[in-house]
2 protein chains.
Amino acid sequence: MTFTAKGLATRNRIIEGAATHLRSDEPGTVTLDDVRAWTGTSKSQLFHYFPGGKEELLLEVARYEADRVLEDQQPHLAALDSWASWDRWQGAVIARYRAQGARCPLASLMSQVDSVAGASQVATSLLNRWQEYVRQGITTMQAQGDIDPELNAQRTAAAFIAGIQGGVTVLRSTGDTAHLEAIFDLLTSYLRAPEHKRAA
Amino acid sequence: MTFTAKGLATRNRIIEGAATHLRSDEPGTVTLDDVRAWTGTSKSQLFHYFPGGKEELLLEVARYEADRVLEDQQPHLAALDSWASWDRWQGAVIARYRAQGARCPLASLMSQVDSVAGASQVATSLLNRWQEYVRQGITTMQAQGDIDPELNAQRTAAAFIAGIQGGVTVLRSTGDTAHLEAIFDLLTSYLRAPEHKRAA
DNA sequence: TACAAATTGGACTTGCTGGTCCAAAAATGG
DNA sequence: CCATTTTTGGACCAGCAAGTCCAATTTGTA
């Protein structure tokens, strides 16, 4: 159970190697033998470093990918303090998913992990962290007088997350970023509007 | 290849039975033996009515479920011609997904169908039909002077679809409809705003 | 009734895949 | 240099699930 430096290196090689190939190949059916081939390891190594078997391994890969999702949006996401920075962030998100195309490594992964608890926890954690960045950005802009202070930052940030998520989901089916761009434009346009009265 | 009335009845029984159970149970791993048990059929019947095997069967179930998604939103979706009707529609959507909880039968199905072409076609078709209803609703409201005629109906409808889709996706992870409600409120609020200038 | 076409039952095959196990090789540390 | 622990290789096992096949039964039709 205690790993040496060499052991940890192997473990990481497995996670990163699996992630890389899962990103490019069709992840519909990943087998442990696939992972073995990709990472040049043996069956015993797989179970040595991931006693929980396939499920634990895929969960680790999911965690790894979830972190990448946020990293790819930095440094923009952490400093949404001007309209220009919001634009750069939007550009980065759309560029990322356009490059990724119809493949969403994380979504594919999630569908394969049965450990409902673990999988949904990874997803929820990612969404929460993501949303918190956006909420922080909205609050900052409100403090600067750029956004109507009446706006519910928390709820609007939630809408952003849902919108982006939906744009990506549609992208996965259609291979087109049009929906993602449409919702993103609408959301930022909403933010810039001077008033946010909710009609009755 | 030619089916009699009895044959068609059996075929439908298989599709509907599978759909029903897929909606309630965990659809992570559906086997043909499961379907057999649910529908009281034999292996030969499954392959008799779905020569393409499991994949064809699941694709038919997916089509069936896709139709239900739209049906569940009627009659509201087809007559978005007043703010009251938009509210009723929103209520119906949220009620549907709240009742469904974290389970999205369609999404689960899609993840199991490898026939990428067929699966994404079912999804894309659903999204297109859905979006067209919304676009029609926006256009109608514009004609009545309730929505700014400058608004791009097509693009805004696309944003609606993405937003709803994202709310549902988040719901699947968190089990909470908060995001869906947040984005839906934001979208309708956007529609009701008198002006839709896009800031530069 | 008789014949053809369809429907149905279910045993059987086949291949794959997660997981186990043991022994060998390499580190580690005193 | 020896003992102990970690790391690695890969053969092997067991179960499952998709798909095949043939025969029995029912249905439709003349």
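Remember, predicted model here, so these are calculated numbers, not experimental data. Proteins come first, then strands; the chains are lettered A, B, ... in the order of their sequence lines, and each starts at number 1.
- The distance between the ring centers of A:Phe160 and A:Trp86 falls below 6.0 angstrom.
- Ion pair A:Arg155/B:Glu181 not flagged as a salt bridge, since none of the NZ, NE, NH1 or NH2 atoms sits closer than 4.0 Å to an Asp/Glu carboxylate oxygen.
- Distances shown here put every side-chain N or O of B:Thr41 at or beyond 4.0 Å from the OP1 or OP2 atom of C:dG9.
- Judged by distance alone, the side chain of B:Glu65 and the main-chain N or O of B:Val69 form no donor-acceptor pair under 3.5 Å.
- For the pair A:Arg36 CZ and D:dT7 P, the interatomic distance rounds to 19 Å; values are reported in whole Å.
- A salt bridge links A:Asp67 to A:Arg129: one of the charged nitrogens lies within less than 4.0 Å of a carboxylate oxygen.
- Regarding B:His48, its NE2 atom lies at a distance of 15 Å from the C1' atom of D:dT20, rounded to whole Å.
- At C:dA6, one or more side-chain N or O atoms of B:Thr2 fall inside 4.0 Å of OP1 or OP2 (strictly under the cut-off).
- The six-membered or imidazole ring of B:Tyr133 lies away from that of B:Trp89, with a centre-to-centre distance of 6.0 Å or more.
- A:Arg63 has a carboxylate O that lies under 4.0 Å from a charged side-chain N of A:Glu60, or vice versa, which qualifies the two as a salt bridge.
- For B:Thr139 (side chain) and B:Arg135 (main-chain N/O), a donor-acceptor pair under 3.5 Å exists by modelled atom type.
- Salt bridge present: A:Arg192 and A:Asp87 bring a charged side-chain N and a carboxylate O closer than 4.0 Å.
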Between the protein and nucleotides 24-30 of chain D, which nitrogen or oxygen pairs come in under 3.5 angstrom?
none

Can you give me the N/O atom pairs linking the protein to nucleotides 16-21 of chain C at distances under 3.5 Å, or say none if there are none?
unit_1	atom_1	unit_2	atom_2	d
C:dG18	OP1	A:Lys54	NZ	2.7
C:dG18	OP2	A:Leu32	N	2.8
C:dG19	OP2	A:Lys54	N	3.1
C:dG19	N7	A:Lys43	NZ	3.0
C:dG19	O6	A:Lys43	NZ	2.7

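- Between A:Gln45 and D:dT8, a side-chain N or O to OP1/OP2 separation shorter than 4.0 Å is present.
- At whole-Å resolution of the value, CG in B:Leu46 and P in C:dT8 are 11 Å apart.
- Using a 4.0 Å heavy-atom cutoff across all strands shown, A:Tyr49 reaches sugar-phosphate atoms only and no base atom.
- Atom P of nucleotide C:dT7 and atom CZ of B:Phe50 are separated by 13 Å, given to the nearest angstrom.
- Side-chain N or O atoms of A:Thr188 include one that pairs as donor or acceptor with a backbone N or O of A:Asp185 at under 3.5 Å.
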